[in-house]
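Take a look at the structure set out below.
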Number of protein chains: 2
Amino acid sequence: MDDAAPVPDDARRGAYPKGVARRKEILARAIEVFAEKGSERTSLRAIAEAIGISHAALLHYFSSREELLVEVLREREDRYRDVDAQRDPTEIVGIMHNAAHRNAAVPGLVSLYTTMLASSLESDKEYARDYFTTRFESVRHKLITRIEAGQAAGTVRTDLDARAVAALVIAASDGLQIQWLLDDSIDISKSLALLDRLLEV
Amino acid sequence: MDDAAPVPDDARRGAYPKGVARRKEILARAIEVFAEKGSERTSLRAIAEAIGISHAALLHYFSSREELLVEVLREREDRYRDVDAQRDPTEIVGIMHNAAHRNAAVPGLVSLYTTMLASSLESDKEYARDYFTTRFESVRHKLITRIEAGQAAGTVRTDLDARAVAALVIAASDGLQIQWLLDDSIDISKSLALLDRLLEV
DNA sequence: GTCTATAGGGCGATAGAC
DNA sequence: GTCTATCGCCCTATAGAC
């Protein structure tokens, strides 16, 4: 939160302090909107209307619809980074479980995540694809560290490849959320707790 | 494959024999096209062009773009139903593993599956949502039967809830495919084999 | 059964006034 | 910094000729 420097301290796209603040404000409002309305009506015009500005104003802060939607996901995830970091470093499924629990309150954001993930597979969606590949790689790494810590501490089976487990845990977490979005009788907690038990020594 | 009866023996949408044959032909061609090109350019116009007919002709056989894309997924899946049914009835992860192996050759179809799954979450996509909810429920059921058979045969841990395991296995399978689409260093087989081992007694 | 033509609309993005 | 206006595109779906 500097004041006069023209340096994009936000690490992204040349943005000046005032602009950065407004941008954050817009993102916060967008998160609220998506939490309620989900991946419905995600055109620039619809989002702008929901936020209460024009779609042209939206494009003043985000250079494209794709960038806006990705930044919504990033911002939302960043909010909980510190919370997760404070958890027991040998917990593995626990941190996904925690995220799933938070997400249960905002199916709209889970739906947006899924929609953007699918669209990132298209060749002209570089911005989204970069976000997801980087995100997956970083989450896998975080998990690998935890898995190895758990193995060293004797709470996790040592006959398992950490990277394969990490990919599996993320996959389970993402996949269960989708099944749950389609059928809320699916019990994400139950399946994740089960996976946790399977990994135990 | 009857001949003159106006009954939709295809179980769907009033279609007459000649029409059914042509419809299947179109679906087969569409599967080829998607296998190559994936979830790119999936507009009716683009699909029609790739197949070599007009988009209006396409709509003569499928009442909407949504229906066409769902039927592509259904047709493709139906092709392997018998193959799976013949496998050892106590195999669990094996049948997902098998599907994953088939899919590795056609990332385009996996990508289409993911895109349609995401879009089925939107409220105006009833046709797609019906397909996916029914499909998930039926795959879960198939797996539950296998899990219980495995438990009875003594090859699967008996301290696990079959439905929770089923949801987990499907989630893992779907989720790993997505990670693999974004990063082909992800080893689906390795993670699935690992899950298989975890379920063993 | 397949085509061409077109209706009819939403979209992302830009230009330029204030 | 935000707006209105508009461009130009692509889309789904339909109508009607052949």
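What you see is a predicted model; the values in this text were computed from it and never measured. Letters A, B, ... are given to chains in the order of the sequence lines, protein chains preceding strands, and every chain is numbered from 1.
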Measure [atom1]/[X] against [atom2]/[N] and give the value in whole Å, please.
X        : N      : atom1 : atom2 : answer
B:Arg23  : C:dG1  : CZ    : P     : 14 Å
B:Ile47  : D:dC10 : CD1   : P     : 16 Å
B:Phe62  : D:dT14 : CZ    : P     : 16 Å
B:His60  : C:dG1  : NE2   : P     : 5 Å
B:Asp124 : D:dC11 : CG    : P     : 18 Å
A:Glu25  : D:dG1  : CD    : P     : 12 Å
B:Ile51  : C:dT2  : CD1   : C1'   : 14 Å
A:Ile53  : D:dC3  : CD1   : P     : 6 Å

Should B:Tyr61 be listed as having a side-chain N or O under 4.0 Å from OP1 or OP2 of C:dG1? no
Any Lys/Arg nitrogen of A:Glu77 or A:Arg135 sitting under 4.0 Å from an Asp/Glu carboxylate oxygen of the other? yes
Quick test of your reading of the model: are B:Arg197 and B:Glu200 salt-bridged, counting only N-O distances below 4.0 Å? no
So, does A:Glu66 use its side chain to make a donor-acceptor pair with the main chain of A:Ala128 at under 3.5 Å?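 It does hold such a pair.
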Name the one of B:Asp174, B:Ile170, B:Thr133 that satisfies side chain to side chain contact (heavy atoms under 4.5 Å, CB included) with A:Gln179? B:Ile170
Only counting residues at least two apart or in another chain, list the ones meeting ring-ring contact (aromatic ring centres under 6.0 Å, His included) with A:Phe34. none
Protein proximity profile, nucleotides 6-15 of chain C - base contact B, sugar-phosphate-only contact S, no contact -, cut-off 4.0 Å on heavy atoms: B----BBBBB
Go through the structure and list residues passing salt bridge (charged side-chain N to carboxylate O under 4.0 Å, His left out) with B:Asp184, not counting sequence neighbours.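 Not a single residue meets the salt bridge (charged side-chain N to carboxylate O under 4.0 Å, His left out) criterion with B:Asp184.
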